[in-house]
Structure formats: C-alpha cells, structure tokens
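If you scroll down you'll find the structure; I have some questions about it.
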2 protein chains.
Amino acid sequence: MRPSIKQVALEAGVSIATVSRLLNKPDSVSIDSASRINQAIEVLGFRPNFTGRNLRAGRSRTVGVVVPTLSNTVFAQCLQGVETAARQRDYSVMFTATEYRQQDESAAVELLLAHRVDGIILTVTNADASSTLDVLDRERIPYVLVYNQPQQTARPSVSVDNRAAAHEAVSHLINLGHIRIQMLSGQFHASDRALQRYHGYRQAMHEHGLQVLTPIEIPRHTYAALSSEHLQIFRDPLRRPSALFCSNDLLALSVMRDLRAIGLRVPDDVSVMGFDGIPLGELMDPMLSSVAQPSEQIGKLALRTLVRAIEEPQDGQGPASTQLLPHTVRLGGSVRTFHS
Amino acid sequence: MRPSIKQVALEAGVSIATVSRLLNKPDSVSIDSASRINQAIEVLGFRPNFTGRNLRAGRSRTVGVVVPTLSNTVFAQCLQGVETAARQRDYSVMFTATEYRQQDESAAVELLLAHRVDGIILTVTNADASSTLDVLDRERIPYVLVYNQPQQTARPSVSVDNRAAAHEAVSHLINLGHIRIQMLSGQFHASDRALQRYHGYRQAMHEHGLQVLTPIEIPRHTYAALSSEHLQIFRDPLRRPSALFCSNDLLALSVMRDLRAIGLRVPDDVSVMGFDGIPLGELMDPMLSSVAQPSEQIGKLALRTLVRAIEEPQDGQGPASTQLLPHTVRLGGSVRTFHS
DNA sequence: ATGAAAGCGCTAACAT
DNA sequence: ATGTTAGCGCTTTCAT
C-alpha cells in the first residue's frame with residue numbers, strides 16, 4: 001500500500017489533521033509543521049488519494065463523456081475540447097463510446113454514475129426519446145448533450161442548428177442549379193441529427209418546389225461503401241442525382257471514392273456536399289464542400305456549461321436550454337453549378 | 001445524498017453485509033432476502049458507489065490514457081481500441097491529452113495517480129528519457145507505452161517497428177527510381193517515433209548510396225503549412241526532392257495540399273509517402289501511400305497487456321518487453337516511378 | 001495552531 | 001445464511 005496521510009503524519013510527528021490542512025489550506029499550518037510535513041511527503045513519496053477525498057466530499061471532480069465513436073473525427077475533436085477545458089478547471093474526464101448502440105448508452109451512463117462522476121457530457125441516439133436521459137433528469141445528475149438538438153424536450157445541449165444548417169447547404173445546391181438532389185445518410189434511427197438534417201433538406205426542396213428524393217440510407221455512419229444496387233443507379237445518368245447531400249463528411253468522402261471507382265467525376269458528374277467540416281476535408285482534392293461545425297468549441301462550451309451546473313446547483317432555475325453555435329457552409333471544389 | 005447500502009439494508013430489513021453480499025456474490029444470500037433487497041434497491045433507486053468500494057479495495061478498475069492529441073486520428077483510434085477492450089473487461093478509462101508538451105506528461109500522470117488508476121497507457125515524447133516513466137517504474141505502477149518503441153530501456157510497449165517500417169517505405173521509393181528523397185517531419189524532439197523513422201530513412205538511403213537530405217522539420221505534428229522558404233525550394237525542379245517521406249499522414253496530406261497550391265502535381269512532380277495509414281488516406285485521390293499501423297489493435301493489445309500486469313502482479317518476472325505489431329506499406333497513387 | 005474523533009460507502013473477517 | 005465490526009484515506013467539526 002502507498003503511504004497515506006497517516007504515515008506522513010507519523011513521519012512528521014504531527015496529527016493527520018495537520019497534514020490534511022497543509023494539503024488544503026496551507027496558510028493554517030505553522031511554518032515549522034509545514035516544512036516537516038513537506039519533508040515527510042518527499043521522503044515517503046506521498047501522493048494524495050482522491051478516492052478517500054471523494055468519498056468524504058461526495059464529489060469527484062470528474063466528468064463522464066459518452067459519444068458514439070471516435071472513428072468520426074468530430075467526436076474526437078469534441079472530446080479534445082472537453083478534455084482541454086476540463087484540465088484547465090482541474091477536472092478529469094472518464095470516456096466511453098457506444099458504437100451507435102442505444103442499449104450501450106444506458107450501460108455507459110450507469111457505469112459513470114457508479115463512479116460518481118459529477119456530471120456527464122453525451123451524444124445520444126435520440127435526445128427526445130431517451131430513457132438514459134430520463135434517468136439523469138429524474139436523479140438530477142447534471143448533464144449536457146453535444147450534437148443532439150432536442151426538439152420536444154427541454155434538455156441542456158450544445159450544437160449547431162442542424163435543420164437550418166442543412167437547409168442552407170441544400171439551398172446552396174439549389175441556387176447552383178441542381179434539381180435532383182438526394183440525401184445520403186447512415187441509419188436515421190441511430191442519429192437524430194441525421195434526421196434533422198434530412199428535415200432541413202426536405203424543407204429546402206419543398207420551398208423550391210423540387211422533388212424530395214428518398215434518401216440513400218446505408219448501414220453505418222462512418223466509413224461505408226455504397227451497395228451495388230446504389231452504384232447501379234449512379235451509373236444511369238437519368239436516375240442518379242446531380243448532387244448528393246451527405247449526413248456527414250466520412251460518408252461524403254466514402255461516396256466520392258465509390259463514385260470515382262465507377263468512373264464518375266466529382267463535381268462534374270455529381271456534386272457532393274458533406275456535413276461536419278472535418279479538417280481533412282480541406283486537404284482533399286477537390287476540397288470537400290461541407291457544413292462546418294465548431295466541434296472543439298462544442299466540447300469546450302459543453303464542459304463549461306456542465307461545470308457551471310455542477311458548481312452552482314441552483315437547480316431548476318431557468319429551463320434547460322439548447323445553446324446553438326454558428327455553423328459555416330464551407331465551399332470547395334466538390335460542388336459545382338448544374339446546367340441541364 | 002444518494003442512497004447507500006445502509007438505507008437499502010434498512011429498507012429491506014437486513015444488515016448492510018447482506019446487501020453487500022447480494023451485490024458481490026448473489027448466491028450466498030437467501031432467496032427471500034434477495035428479493036427484499038432487490039425491491040429496496042428498486043424503490044430507493046440505489047446505485048453502488050465505486051468510490052467506497054475502491055477505497056476499500058485499493059483498486060479502481062480504471063486505467064488512465066495519456067496521448068499527445070486527438071487531432072491525429074491514430075491516437076483517437078488507439079483510444080477507441082483501449083476503451084473497447086477496457087469495457088469488455090469492466091474497466092473504465094480516464095483520458096488526458098498533452099498537446100506534445102513534455103511538461104504536461106508528468107502533470108497528467110500525477111493526476112491519474114491521485115485518482116488511483118490501476119495502470120496507465122501512454123505515449124510520451126521520448127520513451128528513453130522520461131522522468132514520468134522513471135516515476136512509474138520506481139513506484140511500480142503498471143503501464144504500457146503505445147507508439148513509443150524504447151531503444152535503450154526495457155519498458156513495456158506496443159508499437160510497430162518504426163525504423164524498419166520507414167526503411168521499407170523509403171526502400172520502396174528507391175526501388176521506384178527515386179534518388180532525391182527527403183523527409184518531412186514535425187519537431188523530432190517532440191516525437192521519438194518521428195526520429196526513429198528518420199533513422200530508417202537514413203539507413204535506406206545509405207544502403208543505396210544515396211545522399212541523405214536534411215529533413216524538413218516543421219513546427220507541428222498535425223495540420224501544418226509549409227513555410228514560404230520551403231515552398232520556394234519546391235518551385236525549383238532542381239532543388240526539390242522527387243519524393244517526400246512524411247513522418248505522419250496528416251503532414252503528408254497537408255503538404256500535398258501545399259504542393260497543389262503552387263501548381264505541382266502529386267505524384268507527377270513529387271511523390272508523397274505518409275506514415276500511419278489513417279483511414280481517410282484511402283479515400284483521397286490520389287490515394288495516399290502510407291505505412292499503415294494497426295492503431296486500434298495497438299490500443300487493444302496495450303489494454304490487454306496492462307490488465308494482465310495489473311491482475312497478475314508477478315512483478316519483475318521477465319523483463320518488460322516491446323511488442324511489435326506488423327505494419328503494411330500501403331501503396332496508392334500518391335507515389336509513382338521516377339525516371340531522370 | 002493543533003489534535004481527537006466521527007463518518008463518507010463499502011467489503012471482509014469473524015462470529016453466530 | 002446473516003449480523004457485527006473494523007478500516008480503507010480523507011476532511012471537518014469540536015476541543016484545546
């Protein structure tokens with residue numbers, strides 16, 4: 001066993017209370033005791049044990065983070081932002097991924113709660129219907145959603161306005177002359193933001209009197225290959241869309257590769273618009289057009305919001321609110337004008 | 001305060017020991033008590049408090065992870081691998097980033113140790129000269145390095161053979177006819193693997209009697225732009241290398257963008273080889289040639305190794321060893337043959 | 001300024 | 001099968 005304040009106290013010839021005082025408010029300890037204790041700490045290689053401290057305090061200065069995957073850069077960047085902001089405030093971060101499995105969300109949260117994290121930052125499958133969030137609400141555990149943008153429920157969250165952003169991106173494609181615009185997405189039931197983006201797409205199409213096409217829904221939200229059926233459609237100039245609006249950049253880049261593989265050129269044969277604005281998109285040739293989200297900022301703001309909720313438990317004051325951060329439609333060479 | 005086993009015991013009309021037993025070895029509790037306790041747990045919304053358990057047990061079933069950044073996908077993938085493997089074994093993960101700052105490494109580790117993590121998975125600046133690792137060695141804290149490949153010291157690690165891998169990649173370029181091959185890297189002093197890759201480069205060049213060129217060393221290991229001085233060199237067909245070997249894929253993709261910006265074509269004017277094999281490299285056009293590391297596997301193996309060390313403290317048995325995982329030189333269109 | 005002591009939640013040894 | 005109890009490391013009254 002490593003040394004505790006007990007052995008330090010013994011070594012320094014003081015009581016454990018005095019050691020604890022030196023650790024917490026050094027001013028309340030005589031200069032003499034202080035130096036003896038510090039020496040004892042040095043000699044023994046003492047390191048405070050947060051487990052004891054936390055048990056006593058009922059707090060852990062630790063926050064939990066639950067996201068679907070780190071394979072998608074946005075979540076990695078967000079986690080990065082959370083961690084940076086947490087470290088600045090002397091908070092630690094416990095991390096979990098769910099692989100987009102809804103049933104894993106509750107297990108992950110349960111585990112974090114057992115560890116007595118002070119709060120949780122998370123992205124769930126569906127923020128408006130989540131038993132996991134119900135639990136957190138009921139037990140008054142501070143939490144902040146990231147990327148989710150609850151519509152029906154008042155839940156603290158940080159995101160961009162998915163629908164408006166998608167609307168803006170699709171409107172841009174329409175303004176470029178595109179008429180057959182189709183959405184490409186992972187399973188909608190696994191991502192409420194993807195669905196919201198679809199709503200934005202649909203709204204834009206409606207507003208311009210354009211036909212809403214059935215989205216291409218593929219099994220995964222990360223690297224995915226188009227099925228041969230879908231490829232078959234793309235081979236037909238009359239059946240394929242002239243522009244694709246993808247629910248995220250990974251899918252956009254994947255489909256661009258697939259299109260190249262069957263001899264189609266981006267943007268000449270098909271324009272491609274992504275969502276997320278991952279840094280690597282800017283390095284592509286052609287550069288990926290995308291709706292950029294400030295992922296690291298989302299993480300930082302979520303952490304700040306969470307810490308505020310943790311440290312100022314003024315409870316239900318002011319309804320839980322969605323914080324919308326600005327998005328930017330980033331234009332690159334993957335999109336061009338369309339002339340019929 | 002949330003309910004503890006104490007209130008559960010009270011509610012169920014049993015002693016706290018019985019509650020604890022139900023939680024740990026349910027078989028040792030009568031069917032009658034069990035149901036009463038379970039009901040009490042339900043009613044009170046009891047959730048075990050790991051803080052108490054950990055304090056008592058002297059273990060936390062938590063591992064710490066320290067990497068330079070999540071901006072580089074390799075570390076995100078590795079963390080993903082660690083987390084997946086940890087969850088399978090009912091371990092939790094505490095995560096920290098250092099931004100390549102050596103001084104942040106020790107602070108991060110100190111914090112993790114205060115939290116009494118059972119072990120640490122980390123990537124350090126220099127695995128052969130790290131006071132942080134010295135501390136872990138001295139205090140017998142189980143740890144496993146990832147990506148680092150210690151040369152002088154016997155330290156547990158999981159990585160590819162950086163030198164051999166670089167040697168192989170550069171030899172490939174040489175076999176394609178390249179003569180002026182230059183390395184592009186972030187600061188060597190911030191990454192021992194980058195330096196090892198340079199050694200591999202140098203060895204390959206020597207073996208073929210080719211001139212070792214001074215590496216282009218740029219400030220950051222992630223997204224970086226070439227300085228105008230360097231760009232000037234690339235504008236001159238006689239001074240620029242015909243092939244670039246980059247210490248990681250982020251730099252490779254960045255430099256490809258910079259080269260395009262000044263009108264050079266990859267691979268026609270300059271061939272580019274990366275390192276890491278990030279998934280997005282395969283989606284590029286031309287596809288990025290790279291030395292692929294099995295990042296997720298590295299994370300998983302590191303976690304398995306760490307857990308073994310934690311749970312079977314057979315101490316210094318068998319010297320700490322480096323586990324080398326196979327790399328693959330992935331060939332893509334970013335590299336072509338060179339004819340003088 | 002310092003010490004004694006209680007107690008945070010839990011497990012395990014011991015007793016019954 | 002169950003209860004009693006000590007103690008993990010720490011902070012914080014309450015005394016002195």
Side-chain angles (χ1 to χ4, degrees), chain A residues 1-38 40-41 44-62 90 110-118 139, chain B residues 1-38 40-41 44-62 90 110-118 139:
Chain A
M1 223 28 338
R2 323 200 162 287
S4 68
I5 54 171
K6 206 165 163 181
Q7 3 286 350
V8 173
L10 190 67
E11 173 82 15
V14 298
S15 76
I16 60 168
T18 305
V19 178
S20 175
R21 284 192 192 98
L22 180 68
L23 262 35
N24 296 295
K25 359 183 256 161
D27 297 335
S28 64
V29 172
S30 78
I31 207 147
D32 182 53
S33 300
S35 73
R36 308 235 306 287
I37 296 172
N38 279 322
I41 287 177
L44 297 173
F46 167 81
R47 209 184 310 276
N49 184 336
F50 284 5
T51 314
R53 175 181 300 189
N54 295 343
L55 179 57
R56 168 71 215 228
R59 311 189 314 98
S60 61
R61 268 196 115 70
T62 300
D90 285 311
E110 287 297 323
L111 191 58
L112 292 172
L113 292 181
H115 277 291
R116 290 300 190 268
V117 296
D118 295 338
E139 313 221 358
Chain B
M1 216 42 321
R2 322 199 162 287
S4 69
I5 53 171
K6 208 164 163 183
Q7 1 289 352
V8 173
L10 190 66
E11 173 83 17
V14 297
S15 76
I16 59 167
T18 306
V19 178
S20 176
R21 283 190 193 99
L22 179 67
L23 262 34
N24 295 293
K25 356 183 259 162
D27 297 335
S28 65
V29 172
S30 78
I31 208 145
D32 181 53
S33 301
S35 73
R36 306 237 306 289
I37 295 172
N38 279 324
I41 288 178
L44 297 173
F46 167 81
R47 208 184 310 275
N49 184 338
F50 284 5
T51 314
R53 176 182 299 187
N54 294 343
L55 178 59
R56 165 73 215 226
R59 311 187 315 98
S60 61
R61 265 196 119 70
T62 300
D90 285 310
E110 287 297 325
L111 192 59
L112 292 172
L113 292 181
H115 276 292
R116 291 299 189 269
V117 297
D118 294 339
E139 313 221 357

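Everything numeric here is computed off the predicted structure, so don't read it as measured data.
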Quiz prompt | Pairwise 5' ranking along DNA chain D for B:A57 and B:D27, keeping only the more 5' one | solution = B:D27

Quiz item: So how far is it from A:L112 CG to B:F50 CZ, rounded to the nearest 0.5 Å?
Solution: 10.0 Å

Exercise. Please check the phosphate of C:dT2 (OP1 and OP2 only) for any side-chain N or O of A:S30 closer than 4.0 Å.
Key: yes

Self-check item: Protein-nucleotide distance (A:F50, atom CZ; D:dG9, atom P), rounded to Å
Solution: 15 Å

Self-check item: Integer-rounded Å distance: D:dC10 C1' and A:Q7 CD
Solution: 13 Å

Quiz item: Of all residues at least two apart in sequence or in a different chain, which pass the salt bridge (Lys or Arg N to Asp or Glu O under 4.0 Å) check with B:R116?
Solution: none

Quiz item: What are the two closest heavy atoms between A:R61 and A:D118, and how far apart are they?
Solution: N-OD2, 2.7 Å

Self-check item: Five-pair end axes of the helix from C:dA1-D:dT16 to C:dT16-D:dA1, angle between them (10°)
Solution: 40°

Practice problem: Round to the nearest Å and state the distance from A:K6 atom NZ to C:dA5 atom P. | Solution: 13 Å

Exercise. Show your working on side chain to side chain contact (heavy atoms under 4.5 Å, CB included) between A:H115 and A:T62 and close with a plain yes or no.
Key: CA-CA 9 Å; A:H115 277 291; A:T62 300; over 6 Å; no

Self-check item: Worked check of side chain to side chain contact (heavy atoms under 4.5 Å, CB included) between B:N54 and A:L55
Solution: CA-CA 10 Å; B:N54 294 343; A:L55 179 57; over 6 Å; no

Quiz prompt | Nearest atoms (heavy-atom pairs only) where B:I37 meets B:L22 | solution = CG2-CD2, 3.4 Å

Practice problem: Would you kindly give the CZ-to-P distance between A:R36 and C:dT2, to the nearest whole Å? | Solution: 9 Å

Practice problem: Identify, between B:V29 and A:R47, the residue whose nearest nucleotide on DNA chain D lies closer to the 5' end. | Solution: B:V29

Self-check item: Neighbours of DNA chain D within residues 12-22 of chain A, by heavy-atom distance under 4.0 Å
Solution: A:I16, A:A17, A:S20, A:R21

Self-check item: Shortest non-hydrogen contact from A:I16 toward A:A9
Solution: N-CB, 3.7 Å

Practice problem: Any salt bridge (Lys or Arg N to Asp or Glu O under 4.0 Å) involving residues 14-36 of chain A? Give me the pairs, sequence neighbours left out, ordered by first then second residue. | Solution: A:D32-A:R36

Quiz item: Between D:dG9, C:dC10, C:dT2, which nucleotide gets closest to the side-chain atoms of B:L55?
Solution: D:dG9

Exercise. Would you tell me if any nitrogen or oxygen in the side chain of B:N24 comes within less than 4.0 Å of OP1 or OP2 on C:dT11?
Key: yes

Practice problem: Not counting sequence neighbours, which residues clear side chain to side chain donor-acceptor pair (under 3.5 Å) with A:Q7? List them please. | Solution: A:S4

Exercise. Have a look at A:N54 and say if it touches a base, only the backbone sugar-phosphate, or nothing, with a 4.0 Å heavy-atom cut-off.
Key: nothing

Quiz prompt | Side-chain N or O of B:R53 closer than 4.0 Å to phosphate OP1/OP2 of C:dT11 | solution = yes

Quiz item: What is the distance from CG of B:L113 to C1' of D:dG9, rounded to the nearest Å?
Solution: 16 Å

Quiz item: Starting at CZ of B:R56 and ending at P of D:dC8, how long is that distance when rounded to a whole Å?
Solution: 9 Å

Exercise. Using a cut-off of strictly less than 4.0 Å, decide whether A:S33 has a side-chain nitrogen or oxygen near OP1 or OP2 of C:dT2.
Key: yes

Quiz item: Rounded to whole angstrom units, what separation is found between the CZ atom of B:R59 and the P atom of C:dG9?
Solution: 22 Å

Practice problem: Can you tell me which residue pairs pass the salt bridge (Lys or Arg N to Asp or Glu O under 4.0 Å) test with a partner in residues 44-56 of chain B, sequence neighbours excluded? | Solution: A:E110-B:R47, A:E139-B:R47

Quiz item: Roughly, in whole Å, what's the span from NE2 in A:H115 to P in C:dC8?
Solution: 22 Å

